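The shown structure was predicted, so the numbers you read here are calculated from the model rather than taken from an experiment. Residue numbers start at 1 and run along the sequence shown.
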Amino acid sequence: MNPLSALKPGSTLGIMGGGQLARMLCMEARRMGYRTLVWTGGLEAPAAEVCDEVCTEPFADLAAAAAFAARCAVATVEFENLPLASLEAVSQHIPLHPSPTAIATCAHRAREKHFLRENAIPCAPFWLVKSAAELARALEELAGAGVLKTAEWGYDGKGQRRVATGDDAALLWRELDTPAAVLEAYIDFSCEISVMIARGQDGQWASYDPCENRHRDHILDLTIAPATLPPSLLESARAIAVRIAEALDYVGIMGVEFFVTRSGSLLVNEMAPRPHNSGHHTLDACFTSQFEQQLRATVGLPLGDTRLLTPATMLNLLGDMWPCQGDPAWDNLLRDPAVALHLYGKKNATQRRKMGHATFLGHDSLARATAAKQQLLSAASL
């Protein structure tokens, strides 16, 4: 499909997944005149409030995949932990962007590491292990500190733990309780950055300014746009993201996360085949948001302008910012005239749950976002 044959407004976009990423994509699609069908898989679905149609059958139901595809002109995903058979079933009937292969590569840490190694893309030293015996050998070869991660279902710090040579491999393997894992050397990094890269059906690409990411309890806390690092390093990060997108023959928006080592080198940490939490600031601070970009690529439109209109800091609003009774005092937050509040419509605010985000605009956005975070946490603890 080229821009001349792009799907016209009024066409239905299918979205596999119904979380906040699907919600924000639905809102962009509605603004541009496209209909949306959200496949929730039976999970709580913030996107259900803003889409046109909903499919609730389990994601593993291949008959549901065919029925879903029959109701759409094209489809995309809002998270990667989906059954490969269902992705392939959808793609047999309608275009699915990104492809099942690209999604499956990013969803499985072992496949992801193989892909990086095969394409000579820098990443941390790693070992693929499938038993306690293999883990024991890998720990010996590691000769130091590392991180042991499940091959599947890992995000926001889930399915991973710090380890070191000399640890009890048998005990670790029992506790991890997984058929396959990845052992990575621990990287003493100076900071983490990410690049949002979009690639259209015509092979054209556009990247956003690399951002610095700061975490709290393994969950993204603050994204600072743009990252204040040497321009040559940031251009190298963009170039690596482009190499990844082209090697995957990718269509859509992708987040590529990097470690910046103490020596100033770049190592790819993870790839996300969808909009990414560190790209949420683009809704308010860029010409084209990451969600509009995903829509454009998926339906075959030309990509939009990625320029940053103003420096910005995105603050994740996690459940521990909610008081035991009621909601945070949003009027206090919104006394800042250059902040945009985005709430995801989730019902239960548990400690680590992403309930929304706030984007602070301007050159002093980091200081203001940090102060607002402390105020929200303090108020919630009273």
**Asked** What are the two closest non-hydrogen atoms of Trp173 and Thr178, and how far apart are they?
**Response** CZ2-O, 3.2 Å
**Asked** If you measure only the distance, is there a donor-acceptor pair under 3.5 Å linking the side chains of Ser263 and Thr261?
**Response** yes
**Point-to-point distance, once rounded to the nearest 0.5 Å, from CG of Leu222 to CG of Asn316** = 8.5 Å
**Item:** Where Leu318 and Gln351 come nearest, the two heavy atoms and their spacing
**Value:** CB-O, 3.8 Å
**Message:** With no hydrogens and no angle check, just 3.5 Å: does a side-chain donor-acceptor pair link His108 and Glu80?
**Reply:** no
**Asked** So, Thr288 and Asp305: side-chain donor and acceptor under 3.5 Å apart, yes or no?
**Response** no
**Request:** Provide the closest heavy-atom pair for Arg214 versus Leu366 in the form atom of the first, atom of the second, distance.
**Result:** NH1-CD2, 3.9 Å
**Message:** Looking at Arg31 and Glu28, is there a salt bridge between them, counting it only when a charged N and a carboxylate O are closer than 4.0 Å?
**Reply:** yes
**Message:** For Trp39 and Phe68, take the angle between the two ring planes, folded into 0 to 90°, and tell me which bin it lands in: parallel under 30, tilted 30 to 60, perpendicular over 60.
**Reply:** tilted
**Complete:** Heavy-atom nearest pair, Leu7 first then Ser11, reads CB-OG, 3.8 Å
**Request:** Could you name each residue pair satisfying ring pair (Phe, Tyr, Trp, His ring centres under 6.0 Å) that touches residues 232-265, not counting sequence neighbours?
**Result:** Phe189-Phe259
**Item:** Cationic N near anionic O, under 4.0 Å, Arg307 to Asp209
**Value:** no
**Request:** Give the other cluster members for Met27, using side-chain heavy-atom distances under 4.5 Å between Ile, Leu, Val, Met, Phe, Trp and Tyr residues; answer none if it is isolated.
**Result:** Val50
**Message:** Whether the side chain of Thr56 engages the backbone of Gly42 through a donor-acceptor N/O pair (distance < 3.5 Å, no angle test) should be reported.
**Reply:** no
